[in-house]
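Keep in mind that the numbers below use all heavy atoms, side chains included, and drop hydrogens, waters and symmetry copies.
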Amino acid sequence: VYAGVNSTTTYYFALNTRNQFFVYAALSNLAVLPPAPTAVSMEWTGAAGDGLWHTAANWAPSFVPTAVDSVTIAMSAVVTVSSEAPAATFQSLVLGDAWGASTPTLRVGGSLVSTGPLLLYSGARLLSATTSALILGDIDARSGALLTHEQADAISAPLLRLQVARDFVLSVGATVQLTGRGYRGSQSGAPGEGPGGGLSSGFFSGGAGHAGYGGQSNPVGSVAGGAFYDDFVVPSLPGSGGGASHAYGASGGVGGDGGGVLIAVVGGTLDVSGRIDAGGTGVSGASGRSGGGSGGSILIQAYALTGAGVLTAVGGPGNNQGGGGSGGMVAVTISSSYVAGASFPAGAGVAAFNSFSGAAGTVYLKMPGQADFDLFVGGAEPVPERQGVTPLSRPLHVDVLAVSNAVIRSTTVPQPVVAASSLTLQGRYDVSFSSLVFPTAGLMSFVVPAGSRLSVSTMSTLPDWDWVVGGLNISELTAKS
């Protein structure tokens with residue numbers, strides 16, 4: 001027996017042996033390895049008072065959790081994984097308690113890496129303060145749980161990036177809440193933050209752009225909305241802030257904030273029975289004539305999708321005579337199984353007093369077996385006649401193209417050919433393409449109601465399609481044989 005041996009240290013020793021002929025042999029560098037780590041159930045106490053995950057004195061027992069430990073944080077406290085610390089690890093992590101009595105927040109500024117599950121009870125919050133992926137085996141977010149990220153600013157733009165090996169369940173009443181977590185709206189006559197920030201003349205202000213242009217202010221002031229940016233197939237950027245006016249209030253107006261960003265890769269089933277909201281915000285009261293913030297981005301890749309929840313990135317409304325914010329972008333790719341039920345609103349931020357509403361947002365859906373994809377532009381909610389444009393900046397070859405309450409223009413040169421097996425136009429719209437091709441046989445019809453416009457330079461279609469015309473402008477109609 002050797003005294004003073006440390007179980008966390010590897011020791012080496014040499015062993016000499018002798019056979020019956022007195023021949024000696026030496027076996028060297030044999031290692032005595034420390035025992036395998038033992039799983040421990042750990043609870044947060046916060047006794048050290050600094051709120052840091054990597055401070056051993058904050059835990060009972062008093063050491064930093066490892067990859068084999070079962071961890072519980074059931075106190076109303078903010079626990080921070082610092083950007084300067086190693087990755088936080090665990091075998092399983094529970095935030096909150098089954099009764100909803102505690103409201104813990106896990107703020108991740110660095111890395112979170114585990115092959116095990118994360119369970120969030122009602123009142124628990126997961127807060128990302130980084131652009132790095134939070135790597136987990138499973139996520140189970142119960143009713144009342146919230147996942148979000150810190151708000152973007154001119155210096156940094158955190159997002160909620162999740163890499164889930166197996167299943168992600170967002171239960172009814174649970175929320176990925178990213179509303180207004182993008183770039184900030186401006187204050188006191190300045191443009192909004194972000195690549196699509198709404199402009200301001202000091203008295204009138206435009207809405208922020210994203211999927212399309214932000215809404216222009218009242219034509220009397222004629223201040224432009226923010227520019228469009230990002231890619232509707234792989235959106236990854238926050239919504240931008242609306243412009244602000246000096247008017248109404250001693251401190252001036254405040255523009256709406258842009259929506260945040262969710263990027264989620266799920267190896268198993270994503271169950272969206274709750275709500276994923278990356279909408280922009282508007283303002284009211286003393287912030288008259290200020291623009292709305294634009295919707296943010298939701299990008300999801302999953303093996304399977306189920307649930308009857310909501311995924312939305314709607315633009316924020318303009319205030320008084322300020323322009324509305326553009327809708328954001330939602331893109332969902334499913335590789336194996338899709339059980340229809342979720343809704344995907346992608347509307348624009350509305351405006352009043354003759355200002356322009358923001359451009360319509362986009363929803364890209366690619367489901368199992370699709371060679372192409374479905375594209376939805378706009379939402380079911382009506383918007384005023386004046387509206388920003390949603391440019392389509394890449395050639396389209398889609399299975400379904402659905403437009404509702406939107407203004408669409410192509411921006412590529414030459415303009416893109418749009419191919420579709422189904423075209424749905426609803427509400428008030430203004431759609432312009434250089435070429436439109438319907439390759440699939442069948443009897444289909446749609447209405448171009450009074451006040452709407454479909455403008456196509458060249459159309460290829462099948463002879464048994466029906467057209468109900470009102471505001472239809474086709475310079476050349478070619479029937480395919």
List the steps, then state whether side-chain contact (heavy atoms from CB on, under 4.5 Å) holds for S114 with T89. CA-CA 6 Å; S114 175; T89 61; 5.9 Å; no
Set out, in order, the CA-CA distance, both residues' side-chain angles and the distance that settles side chain to side chain donor-acceptor pair (under 3.5 Å) for S200 and S205, then state yes or no. CA-CA 4 Å; S200 175; S205 300; 3.2 Å; yes
May I have the step-by-step check of side-chain contact (heavy atoms from CB on, under 4.5 Å) for L365 and F344, ending in yes or no? CA-CA 10 Å; L365 298 179; F344 303 86; 4.0 Å; yes
Verdict with supporting geometry, T179 and D277, side chain to side chain donor-acceptor pair (under 3.5 Å): CA-CA 6 Å; T179 305; D277 194 336; 3.3 Å; yes
Using side chain to side chain donor-acceptor pair (under 3.5 Å), reason through Y303 and S336 one step at a time and then give a plain yes or no. CA-CA 5 Å; Y303 180 77; S336 177; 3.3 Å; yes
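In this structure a side-chain-to-backbone donor-acceptor pair under 3.5 Å is missing from N319 to G322. Looking only at distances, a side-chain donor or acceptor of K366 sits under 3.5 Å from a matching main-chain atom of D372. Under a 3.5 Å cut-off, the side chain of D230 and the backbone N or O of L237 do form a donor-acceptor pair.
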Would you mind writing out the side-chain donor-acceptor pairs for residues 262-274 within the sub-3.5 Å range, not counting sequence neighbours?
| unit_1 | atom_1 | unit_2 | atom_2 | d |
| --- | --- | --- | --- | --- |
| D271 | OD1 | S273 | N | 3.4 |
| D271 | OD1 | S273 | OG | 2.7 |

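Looking at D257 and R184, no side-chain N of the basic residue comes within less than 4.0 Å of a carboxylate O on the acidic one, giving no salt bridge.
Remark: T80 OG1 to L127 CG distance equals 8.5 Å, nearest 0.5 Å.
Of all the heavy atoms in S236 and V261, the pair that sits closest is O-CG1, 3.8 Å.
Note: Y229 and H210 have parallel aromatic rings, judged against thresholds of 30 and 60 degrees for the angle between ring planes.
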